Structures are given as C-alpha cells and as structure tokens.
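Beneath this line is the structure, given in structure tokens, with notes to follow.
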Number of protein chains: 2
Amino acid sequence: MTIPTRITGLLVKQHGYNTTNPEGHIRFESMDPYIELGEVDTPDLASGQVLVEMSMAPINPSDLHFLKGEYGQPRVQGKPAGFEGVGTVIAAGDDAYAQSLVGTRVSFAATPTGTGTWATHAVSDAELCIPMPETVSDHDAAGFIVNPLTAAAMFEDAKSAGSPGVVLTAGASQVSKFIVALARDAGLESVCIVRRDVHNDALTDLGATAILNQNDDDFDQRLKEVMKTHKPRFLIDAVVDATSTKIFNAMGSNSTWLVYGSLSAEIPPLSNPGEFIFMNKVIRGFWLAPWLSRAPMEEKIEVFGEVQARFADGRWSTDVAATLRLAHAPTELVEALADPRGKVFITP
Amino acid sequence: MTIPTRITGLLVKQHGYNTTNPEGHIRFESMDPYIELGEVDTPDLASGQVLVEMSMAPINPSDLHFLKGEYGQPRVQGKPAGFEGVGTVIAAGDDAYAQSLVGTRVSFAATPTGTGTWATHAVSDAELCIPMPETVSDHDAAGFIVNPLTAAAMFEDAKSAGSPGVVLTAGASQVSKFIVALARDAGLESVCIVRRDVHNDALTDLGATAILNQNDDDFDQRLKEVMKTHKPRFLIDAVVDATSTKIFNAMGSNSTWLVYGSLSAEIPPLSNPGEFIFMNKVIRGFWLAPWLSRAPMEEKIEVFGEVQARFADGRWSTDVAATLRLAHAPTELVEALADPRGKVFITP
C-alpha cells in the first residue's frame with residue numbers, strides 16, 4: 001500500500017463558528033463559500049492514530065450545520081470536512097492496536113485532532129475505527145456511526161424512560177427509519193411526523209404505527225387522536241419548530257422532548273409552562289459525540305454488533321440519493337442534497 | 001373547644017379547569033367571578049383527618065392560579081379556597097396520631113379530600129400538620145409550607161446539580177428571598193432578576209450577589225457580565241417570559257431552567273435548540289405537591305426543622321402587605337394583592 005504525501009479533499013473555507021448571523025437551517029444555494037477541492041500534506045501519525053484510504057463518506061445534516069459554523073465544534077479552515085466514512089487502514093502510529101488494523105476495512109468517525117473523511121485519505125484514532133465485514137455494503141458502512149448509533153442510543157433512552165412509543169419528526173429521515181425498525185422489533189409504537197406523503201409506504205412497510213403529515217388540514221385533530229390512542233411520551237425531534245411545540249403540548253404527563261437536530265430555522269414558542277410544573281415534562285438534548293466518549297465500551301460493542309447485524313440481514317438499509325466523486329462535489333452537491341429520496345455520498 | 005356545625009369561608013365559585021381561554025397570569029380586576037363569602041357544613045372527620053380552627057392563611061400565587069382554573073388541580077365549586085395556613089387542632093378522626101394533635105397549634109397544607117384554609121375552620125390530614133412552637137409568629141407559620149418548602153427543595157436541587165449559584169426571576173418574591181438566604185449560608189452565588197428597584201437594599205442585606213433589573217437599558221450587557229463572572233448554571237424561574245429565554249441562552253453548558261411558576265402570560269421563544277444538543281442544557285419543572293408525597297419523611301422532617309429554626313432566629317421572615325378579615329376579603333383583596341411589598345394574609 002502506498003502512503004501518499006498529500007491528501008486531496010473538500011477543504012473547509014471558513015473558520016470557527018458563525019456567531020454573527022446564524023441561519024439555523026441547512027439549505028445551501030451554493031457550496032462555494034463553504035468548501036473547495038484542494039490538497040493538504042498528509043500529517044505524521046501520532047500514537048494511536050491511523051491513516052485510512054477512503055472508500056466512501058456520507059453527507060449528514062451534522063456536516064452541513066458544521067459547514068455553516070452552527071455545530072458543536074468549530075470549523076478549521078483548510079482541513080477536509082466529513083465526520084465519518086469507510087475505508088482501509090494503510091498506516092498506523094506507534095500503538096499495537098492501531099498497527100493491528102493495517103489492511104483492515106473499517107467504518108470510523110473523524111476527530112478534531114485528525115482530518116475529515118471527504119477526501120482521498122483521512123487520519124483518525126484507532127479506537128474510533130470499527131472493523132467492518134464484507135457483508136456490510138460501502139453505503140451502509142460509510143454511514144455506520146453517526147445515524148445508526150444516534151438512532152440506537154436515542155431509542156435506548158426512550159425505552160429507559162418507559163415510554164410505550166416514540167414520536168419522530170423528520171419522520172422519513174434515515175435516523176427515523178432506523179428507529180421505526182427498532183421500535184417495531186421491541187414492540188413499541190412509532191409515530192412519524194412528515195411534511196410530504198412520498199415516504200408513507202416505505203414507513204408503513206418498516207412498521208410505523210402512524211404517519212401524520214404536518215401540512216394536512218386535519219393534522220391537529222389527528223395528532224390529538226394518535227396521542228390519545230397510543231400515548232407515546234417521547235418526542236425525538238430533528239426539526240424544532242412550532243409543530244414540535246404542538247406535539248409536546250399534546251403529549252401526556254412525564255413526557256420528554258429530546259432535541260437532536262435543528263432542521264428548521266423557525267423558533268418555536270415555549271407555550272404552556274404548566275406542563276413542566278404539573279405534568280413533569282422535560283426538554284433536553286442528545287449529541288452523539290459525548291455519548292461516544294461516555295458510554296461504556298461493552299455497551300458500544302453491543303450496539304456496534306447490533307447495527308452490523310441489522311445492515312447485514314437487511315432489517316436496516318441506507319437510502320441513497322446520489323454518490324458523487326470528490327472532484328464533482330463542489331458543483332453537484334447543492335442539487336444532490338435537494339433530492340428527498342435519501343442520503344448523498346462522496347467517493348474519491 | 002366548640003366544634004362548629006358550619007364553616008364560614010371564601011367559597012370557590014367556578015368548577016374544574018379553565019381550558020377554553022386560559023389567561024396565564026394572576027392579575028384580577030375583581031374577585032367576584034371567583035370567590036364569595038359563604039357557609040358549608042362541617043364535614044365528618046375520616047380516619048387520620050383533623051379539624052383546625054384557623055388563625056391565619058396566606059394568599060400565594062398558586063392559590064390565584066387555582067382560582068383562575070390554571071393550576072395542577074381542579075376547582076371544586078362551593079368549597080373554601082386556600083392551600084395552607086396555621087391554626088389549632090380542635091377535633092380529630094379515628095387515629096391515634098391525629099387525636100394526639102388535638103389542642104396543638106399546627107401549620108398545615110390543605111388536601112383535595114379536605115377543605116380550604118380561607119375559612120373559620122379547615123379539615124386536613126394529620127400527616128400534613130406540622131406542630132409549631134410559639135417562637136414562630138402567625139404570619140411566618142401561616143405560610144410555613146408552600147413557599148419555604150418550595151424554596152428549600154429547589155435550592156437542594158440546585159446544589160445537587162453542582163451549580164456554583166442560582167439565578168432567580170421574580171427576584172424579590174418571598175421564595176426568592178428565602179433562596180437568597182439559603183445560598184448565602186451555603187456559600188453559593190445568587191443573582192436576582194427584578195422588574196423594579198424598590199427591593200434592592202433588602203436583597204443586598206440578605207446577601208444577594210447581584211441584582212439585575214430586566215427593564216434597565218443595559219440589562220443584556222449586565223446579564224452577560226454577571227454570567228461570565230459568576231457562572232451560575234441553575235435558573236429558578238417563577239415568571240417564564242422572553243427574559244427567561246435570554247437568561248437561559250446566556251448560561252453555560254450543563255445549565256438547568258427550572259420552572260416553578262408562570263407569572264407572565266408572555267410566551268417565550270425557544271431559541272437556540274443547539275443548547276440542548278451541544279451544551280447539555282435542560283428545561284424541567286418543580287411542583288411541591290409530588291415532592292411532599294415523594295420525599296422521604298426524614299428529609300421532610302429535616303427541612304421542616306431548618307425552616308422553623310430560620311423563622312425563629314430571624315434568618316428568614318415573611319413580608320406582610322396586608323392582613324384581611326375573611327368578611328372583607330372579597331372587596332379588599334384586589335387592592336391588597338397589588339401591593340408589591342409582601343404577601344396578603346386572611347384571618348377569620
């Protein structure tokens with residue numbers, strides 16, 4: 001395997017956070033202000049680090065919030081973007097475990113001390129690499145960490161809260177679909193809130209209990225009925241808009257509003273403070289990064305194994321909207337991201 | 001002691017909750033639609049119940065939300081209102097402990113199975129009675145439960161959260177003053193948010209770390225400075241308005257917004273959802289009723305003892321705006337409640 005001296009990637013053009021004028025959404029008219037194709041020197045590998053020759057990387061909402069400077073970690077100008085991907089380890093720093101991975105196909109998460117995955121090669125930590133069997137396809141393996149682990153961890157949270165079911169905004173997203181399948185297998189209800197009816201058959205096939213289109217005239221009425229019938233007490237929210245407030249208001253005592261995304265720029269009203277006092281409702285958030293550091297290794301290994309098994313036997317699968325070459329991404333990305341059918345991937 | 005056959009009290013005129021048109025505040029133009037002076041039969045005492053000859057009862061914000069039908073329990077038309085008070089037990093149902101209280105001066109909380117405290121007599125449960133030494137005045141003993149225990153329980157919550165201090169909206173309220181004194185004694189910071197500067201000297205004397213008037217032009221600037229200097233991570237909020245959101249936004253990672261009142265009808269914006277995700281912030285509520293049922297008896301006895309000691313030695317004291325006779329309350333109450341200097345009390 002050849003160790004390159006230079007890495008080609010989609011380099012971040014801006015630096016730090018956008019605190020002056022945050023947009024609060026992830027729509028792009030052009031990628032020009034945010035990324036450009038370019039090269040960086042291959043960094044020297046520190047102890048425990050690995051160099052991965054990339055096969056494929058996904059574009060997640062978190063990547064897009066990051067490019068806009070509205071994510072939980074600051075942009076670093078001139079570094080390749082991309083939070084996760086799949087590839088083959090071709091070199092390792094001074095550490096026995098890291099070196100044992102050389103030649104292995106791995107799914108992995110990027111780290112602030114390494115480089116991003118929208119590139120020909122990426123540097124990350126051996127402990128963030130998950131060896132991947134050939135039974136898991138490149139598209140599934142590329143997005144192995146962020147969405148599946150987010151789904152699995154949040155679903156565990158809902159189960160621990162003792163809720164008989166979950167309500168999912170962005171109900172047809174990859175994370176939501178994963179959770180619908182988890183809920184079906186665990187015998188829990190899942191209520192998907194969508195903005196378009198195009199995914200309804202797919203969600204029904206996956207086992208969704210109910211699908212509500214928030215743009216329908218009878219949405220409020222159906223929401224009340226569904227809440228009364230199924231009594232879910234756990235809202236898993238990627239959107240955070242006035243509809244989220246409406247859902248939270250419609251839920252019973254001891255309900256949780258778990259925020260993990262912010263796809264809407266709309267600022268929801270915090271109506272009915274009595275719900276916190278008299279109904280013991282809670283609003284809190286979920287972020288994978290601290291969960292990955294904090295969760296015990298055995299729990300992570302169990303979750304990784306479950307995710308691999310679900311991809312390998314088809315209980316979970318990744319919907320692909322487009323797979324773009326690195327060199328074409330800057331011009332083709334905006335159009336590809338507008339495709340609602342699935343996720344966009346990048347290959348070298 | 002004479003056991004009366006009839007109880008005179010301020011009877012609730014409406015029934016159940018106001019779900020059709022909630023007002024979300026506790027201002028009154030007239031008490032006429034809500035209470036009237038009247039009589040009810042003295043109920044037979046069930047096992048464990050006591051009949052208290054009332055000395056004094058306070059009017060708390062929770063009473064006023066209750067009268068408007070916007071509290072955690074429904075109104076019962078024709079029953080005396082009033083959630084707590086002080087008086088002497090003059091009769092008891094079939095229970096040794098209840099009977100042992102006959103002749104004893106007690107502070108007590110009303111229960112849905114008994115009758116309210118804005119009356120000549122009230123029926124409650126012996127286990128909700130706290131024998132009260134003569135060192136605690138009627139005004140302090142009348143409001144012994146709702147405000148002091150709410151303050152003590154919420155302050156314990158802030159300490160458990162490991163916060164170096166608390167931020168208090170309605171910063172000059174009785175509950176806030178109690179918490180300022182608790183914080184001072186525990187070596188924690190307290191930041192009081194007020195709407196008028198009339199109480200600032202009293203708050204400073206009590207040991208408040210900082211007092212910010214939310215109507216001042218430089219409020220936003222001072223809020224940022226105070227947050228930066230003192231880093232409180234616990235907002236104890238009786239108001240819930242746009243200023244509450246501003247305070248929550250200005251607080252650091254791992255902050256809690258604890259809602260225990262709703263003095264404003266303004267609906268705050270839920271801005272910056274990233275705070276839940278990336279900063280692990282939480283919004284939840286506090287209600288004394290479930291705390292009283294749930295907290296272990298030893299914890300309650302310890303808190304009761306601490307509250308008695310604080311009233312007896314003057315570390316805490318109750319600010320009195322007016323003390324009204326039962327018969328005059330319907331006409332005099334609106335004006336008395338508008339007095340910002342303290343609490344309004346009712347005597348038979």
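Here is the naming used below: chain letters follow the sequence lines, and residue numbers restart at 1 for every chain. Quick caveat, the model's predicted, so the values are computed rather than measured.
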#### Entry: Residue part contacting chain B, namely of A:Val282, when any heavy atom lies under 4.5 Å
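Both backbone and side chain.
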
### Residues of residues 243-268 of chain A near chain B, each having a heavy atom less than 4.5 Å away
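Expected list: A:Trp257, A:Val259, A:Tyr260, A:Gly261, A:Ser262, A:Ile267, A:Pro268.
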
### Message
Holding to side chain to side chain donor-acceptor pair (under 3.5 Å), I want the full list of residues that pass it with A:Lys68, two or more places apart in sequence or in another chain.
### Response
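Checked A:Lys68 against side chain to side chain donor-acceptor pair (under 3.5 Å); matches are A:Glu23.
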
In Å, rounded to the nearest 0.5 Å, how long is the span from [atom1] of [X] to [atom2] of [Y]?
X	Y	atom1	atom2	value
A:His65	B:Phe278	NE2	CZ	7.0 Å
A:Asp237	B:Ile277	CG	CD1	9.0 Å
A:Arg284	B:Ile283	CZ	CD1	13.0 Å

